[in-house]
There are 2 protein chains.
Amino acid sequence: MAGWVDTREPVLASVIALARELADPVRLTALQLLSAEGPHTLSQLSDVLGVSAPRMGNHLARLRAAGLVTVQRTGRHAVYRAASADIGDVLAALARYAHADLRIRPRRPAAPGDVAHTCYDHAAGLLGVTIFSTLVARGALRPLDDGELALGADTSALAELGVDPATLDARRRKLATACLDRVHRLPHLGGVLGAEVLGALLAGGLVEGQEGGRGLTVTARGVARLPALLPGLTLPPGSTG
Amino acid sequence: MAGWVDTREPVLASVIALARELADPVRLTALQLLSAEGPHTLSQLSDVLGVSAPRMGNHLARLRAAGLVTVQRTGRHAVYRAASADIGDVLAALARYAHADLRIRPRRPAAPGDVAHTCYDHAAGLLGVTIFSTLVARGALRPLDDGELALGADTSALAELGVDPATLDARRRKLATACLDRVHRLPHLGGVLGAEVLGALLAGGLVEGQEGGRGLTVTARGVARLPALLPGLTLPPGSTG
DNA sequence: GTCATCATTCACGCTTCACTGAAGGGTGGT
DNA sequence: ACCACCCTTCAGTGAAGCGTGAATGATGAC
């Protein structure tokens with residue numbers, strides 16, 4: 001019988017093609033952005049990523065040929081978006097593995113800001129990323145196909161964090177946004193809900209802000225309680241300041 | 001501020017390196033085999049995959065440098081194994097995405113055997129793959145680090161399929177094995193448990209064997225009941241023969 | 001109509017990577 | 001001691017991928 005390595009096998013060929021698309025920093029980051037934060041134009045992407053327009057365009061053309069992104073022309077703008085919300089799962093699996101891998105053999109000491117810091121008025125860093133993934137995993141938050149987020153059916157995870165969904169006011173500002181964390185390459189929670197969650201953690205004395213900066217410190221109380229509220233959150237030693 | 005694409009960022013660099021390792025048919029298949037079926041020697045791998053020994057060795061050296069596999073020399077054999085069981089999650093996420101992608105735009109018509117066929121005395125194909133992932137997801141089956149499988153705490157999923165865990169006799173043969181499906185690139189269930197599950201499905205009239213072959217046909221009864229037992233199982237039209 | 005902006009395409013040079021075939025160490029069997 | 005086997009390493013060749021810079025199309029503002 002023929003060997004296992006037969007690139008004519010549709011599934012194998014498809015997996016390889018997918019991995020090849022992800023094996024470039026520009027394409028990977030663009031996909032992460034499109035998946036976590038919704039549609040962007042080419043110029044937005046090339047501006048945010050800091051690469052030239054032709055370079056960005058070439059990579060987007062590849063992604064489009066691979067069926068990972070779609071493009072819609074409106075006037076002289078080309079709006080790109082992730083073709084399927086499922087790609088977020090793949091990206092998250094990769095980022096989580098890489099993250100765990102780094103924890104095993106860290107290449108640089110973990111900075112306090114890696115654990116938690118504020119992004120405007122919500123929590124970012126490892127804390128913010130874990131809040132996001134926990135809320136999504138427990139069904140309290142539901143990512144929509146266009147990058148937006150809506151409340152899910154079971155909001156018990158929110159209640160445990162000390163937030164009452166009924167009090168949220170999304171009239172003047174988006175309820176929740178997926179803000180891609182630049183360090184961890186995973187989305188963290190922004191918007192009204194992000195601010196409320198951080199407020200509840202501060203009020204509960206689980207974390208406290210550092211004076212005159214964006215740093216967040218996990219208190220002893222937080223070290224004791226957060227792992228139960230946020231499964232998967234592993235606090236490096238010394239993170240309580 | 002610097003752009004998002006900075007390969008000095010440890011997480012980004014790690015994700016890219018990981019994707020690059022997976023972007024080759026030999027490396028990907030080797031990882032799938034090591035992850036699903038446990039340790040293999042170099043010659044076993046090069047024999048099964050059908051590639052030359054130097055080629056296989058070079059790819060394994062790369063995987064070792066990337067920290068994805070470990071090697072242990074015993075005599076003149078080099079036994080390779082997956083460095084972490086977590087890599088299975090990444091591979092499964094990739095294969096699942098590719099699989100869904102192919103369902104959207106199939107490159108060849110689905111053959112009946114793609115849905116279900118026997119592998120010795122257990123179910124393979126899409127049916128077998130779905131059985132495996134369902135049992136693992138529901139905690140009835142627990143993959144161990146070395147590729148072996150053990151019963152989990154909650155075996156209700158097995159009971160629903162018509163198998164009583166107390167009747168399983170694992171003295172003469174392994175209880176359960178993860179047998180990598182060559183078509184779907186995901187593990188399916190083998191061993192005593194695999195045989196029992198297939199027996200229960202046949203006894204319940206959900207599937208029936210085709211005369212004189214390894215094909216399995218999903219009956220009308222199966223079409224009605226299997227999707228509830230195995231979430232995520234999508235039967236292509238015409239699969240009931 | 002003219003200009004500015006945005007997106008895409010082309011040609012070119014550069015780098016990186018993977019495969020082959022042969023040779024080199026090590027180990028176990030006889 | 002010899003041979004058979006397994007694994008690894010080496011040099012050489014060929015192909016593929018990537019980035020730059022300039023040119024081309026298309027659209028909207030004035």
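Throughout, a chain's letter reflects where its sequence line sits, starting with A, and its residues are numbered from 1.
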Assign A:G57 to base, sugar-phosphate, or nothing according to its heavy-atom contacts below 4.0 angstrom with the strands shown.
-> nothing

Between A:L63 (CG) and D:dC18 (P), how many Å, whole number?
-> 10 Å

If each of A:A53 and B:H59 is mapped to the nucleotide of DNA chain C with the nearest heavy atom, which maps nearer the 5' terminus, i.e. the 5' end?
-> A:A53

Separation of A:R76 atom CZ from D:dA26 atom C1', in whole Å?
-> 10 Å

Between D:dC18 atom C1' and A:D24 atom CG, what is the distance in whole Å?
-> 8 Å

Where B:G191 and B:H122 come nearest, the two heavy atoms and their spacing | N-ND1, 4.4 Å

Would you say a side-chain N or O of A:S52 is under 4.0 Å from OP1 or OP2 of D:dT20?
-> yes

Comparing A:A23 with B:V71, nearest DNA chain D nucleotide closer to 5' gives the residue B:V71

Note: A:L34 and A:V69 closest approach over all heavy atoms is CD1-CG1, 3.8 Å

Rounded distance in Å - CG (B:L60) to C1' (D:dT9) | 15 Å

Nucleotide D:dC7, atom P - distance to CZ of B:R73 in whole Å = 10 Å

Counting N and O atoms only, with roles assigned by atom type, does the side chain of B:S133 sit under 3.5 Å from a partner on the main chain of B:T130, one being a donor and the other an acceptor?
-> yes

A:N58 CG to D:dG17 C1': how many Å, rounded?
-> 11 Å

Chain B reaches DNA chain C, atoms under 4.0 Å from its heavy atoms, from C:dC17 to C:dG28

Which listed nucleotide (D:dG17, D:dC6, D:dT9) is nearest to the side chain of A:R20?
-> D:dG17

Could you check how far CZ of B:R55 sits from P of D:dT9, rounded to whole Å?
-> 18 Å

d(CG, A:L49; P, D:dG19) in whole Å = 12 Å

Evaluate the criterion side-chain contact (heavy atoms from CB on, under 4.5 Å) for residue pair A:L149 and A:L175; output intermediate values, then yes/no.
-> CA-CA 8 Å; A:L149 292 163; A:L175 175 71; over 6 Å; no

Closest approach of A:G88 and A:S35, non-hydrogen atoms and distance?
-> CA-OG, 3.4 Å

If only atom types and distance count, is the side chain of B:H40 paired as donor or acceptor with the main-chain N or O of B:G38 below 3.5 Å?
-> yes

Between the main-chain N or O of A:E21 and the side-chain N or O of A:R27, is there a donor-acceptor pair closer than 3.5 Å?
-> yes

Please tell me which of the listed nucleotides, D:dC18, D:dG21, D:dC7, lies nearest to the side chain of A:P54?
-> D:dG21

Closest of D:dT20, D:dG17, D:dT27 to the A:R62 side chain is D:dG17

